[in-house]
Protein chains: 2
Amino acid sequence: MTDKKDKNTEENIITAAERVFIDKGMDGARMQHIADEAGINKALLHYYYRSKQKLFNIVFTTAFKAFAPDLIKVFQREGDFFSKLRNFVKTYLDVLERNPHIPGFILHEIRHKPDQLIQLVGGLNLDIDVVIRQIEEEIQAGRIKPIDPKQLMIHIVSLCIFPIVAKPMLTAVLFKTDSDACEKALNERKDLIADFIINSIKL
Amino acid sequence: MTDKKDKNTEENIITAAERVFIDKGMDGARMQHIADEAGINKALLHYYYRSKQKLFNIVFTTAFKAFAPDLIKVFQREGDFFSKLRNFVKTYLDVLERNPHIPGFILHEIRHKPDQLIQLVGGLNLDIDVVIRQIEEEIQAGRIKPIDPKQLMIHIVSLCIFPIVAKPMLTAVLFKTDSDACEKALNERKDLIADFIINSIKL
DNA sequence: GTCTATAAGGTGATAGAC
DNA sequence: GTCTATCACCTTATAGAC
């Protein structure tokens, strides 16, 4: 229904499947709906991708890669730790801003599927160790307060991801349904989050 | 009226419905499954609650009340702000620990249902204004650094809720599938979160 | 109140014409 | 490759016996 400027059907299906699966989830998604979105017949979905499950797996894997922060890219560059941290928050929030529904989708679909998760995580190279090592170095060098590196990482991703997942709730509860105000506040966090973290750990 | 046996069908259904809906979500839940959990026949569900949707609404409302932090209870007491903050984190994390699947359930089901959300939020008295006012007072009294009160509240709930929603992911990515280690780390956060926040905002 | 049986409509998947 | 038609099954909900 969206882009009649056909590239090929195969890609159209994936694009449509991403929209529907990420919006409705595996259980809520309907093959008919995906076919409509792709502007094709339902039977073609099975011709190209055999089953709903196989189609979902492709979408899920793609979404997960977009969701997993690219830690190496930021933390293996030159520069001081605080700069890297600011850079990471900014970069990651930009990614999530372009894919605002992915975090909720991933977090929902991942429940009770540790096998699929483990397989995916093994496939990707997330290199959290690079970050952990750098945090330890900062502590030993006396540049930040002592803190469990993993707990600090949990702090960081929590502050980045949660507001995006909880945006509808924040809009309703904290901003009295003023979605523009909420939108604006979440945007400001691109700088605020790093400030908040650095204030807490700096010596 | 007098039969207050532990086998009250009406309550059994709700308990079973909570288990199934919170675990599987509205789309993934099956009336047959709920009936099995309650140890009764599927038709009885409709006898007592008419439709799947009505049953879901009851479960959702109950879950939302458990999810919404009881701000008044903590922040209207006597004491300094930091104590209240520590108290809130501890209390809220205890609530979530007893209902670990509720945050993910609520966050998933709330997507694209702002109407239901608004109605619920209006019904509850969350009294975020009490907290906002106290934060502003702390700033004006020069006891904490200047900060947007709403942003601080987003920080706080993010740090509390996200790790619980993302626990499977954290277990896999950060703790290399060692779920005991993850469990232990999340428990330590009951004190760590408040420390982290206070470190950041204290003067 | 609780059950069995079944209606009524949806859903993933396939067969076969073109 | 793409379509129409259809199958086989599943799911919510109701009817009616007891």
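Please read all numbers here as calculations on a predicted model, not as lab measurements. Proteins come first, then strands; the chains are lettered A, B, ... in the order of their sequence lines, and each starts at number 1.
B:His46 has a side-chain polar atom (N or O) that falls below the 4.0 Å cut-off from OP1 or OP2 of D:dA13. A sub-4.0 Å separation between OP1 or OP2 of D:dT2 and a side-chain N or O of A:Thr9 is present.
The nucleotide whose nearest atom lies closest to any side-chain atom of B:Leu44 is, among C:dA13, C:dT2, D:dG1, C:dT2.
For A:Asp36 and D:dT2, the CG to P distance is 16 Å, given to the nearest whole Å. Per the geometry, CD1 belonging to A:Ile40 stands 11 Å off C1' belonging to D:dC3, to the nearest Å. In this structure, CD1 of B:Ile34 is placed 14 Å from C1' of D:dA13, rounded to the nearest angstrom. The distance from atom NZ of B:Lys54 to atom C1' of D:dA13 is 13 Å, rounded to the nearest whole Å. One atom, CD of A:Gln53, and another, P of C:dT11, lie 17 Å apart when rounded to the nearest Å. A:Leu55 places its CG atom 16 Å from the P atom of C:dT11, with the value rounded to the nearest Å. When the P atom of C:dC18 is taken as reference, atom CG of A:Asn41 falls 16 Å away, rounded to whole Å. Separating the CE atom of A:Met31 from the P atom of C:dT14 is a distance of 10 Å, rounded to the nearest angstrom.
Judged by distance alone, the side chain of A:Arg111 and the main-chain N or O of B:Asp23 form a donor-acceptor pair under 3.5 Å. Without hydrogens or angle criteria, B:Lys84 side chain to B:Gln76 main chain gives no donor-acceptor distance under 3.5 Å.
Across all strands, A:Tyr47 comes closer than 4.0 Å to base atoms (heavy-atom distances). Across all strands, B:Ala35 comes closer than 4.0 Å to no nucleic acid atom at all (heavy-atom distances).
Under 4.0 Å is where a charged nitrogen must lie from a carboxylate oxygen, and between A:Asp129 and B:Lys176 at least one such pair does.
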Evaluate the criterion side chain to side chain donor-acceptor pair (under 3.5 Å) for residue pair B:Asn57 and B:Gln53; output intermediate values, then yes/no.
CA-CA 6 Å; B:Asn57 289 346; B:Gln53 186 63 53; 3.0 Å; yes
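Note that CD of A:Glu183 is 12.0 Å distant from CG of A:Leu170, once rounded to the nearest 0.5 Å.
Ranked by how close their nearest DNA chain C nucleotide is to the 5' end, A:Arg30 and B:Ala43 are led by B:Ala43. Of the two residues contacting DNA chain C, namely A:Gln32 and B:Lys42, the nearest-nucleotide position lying further toward the 5' end is that of B:Lys42.
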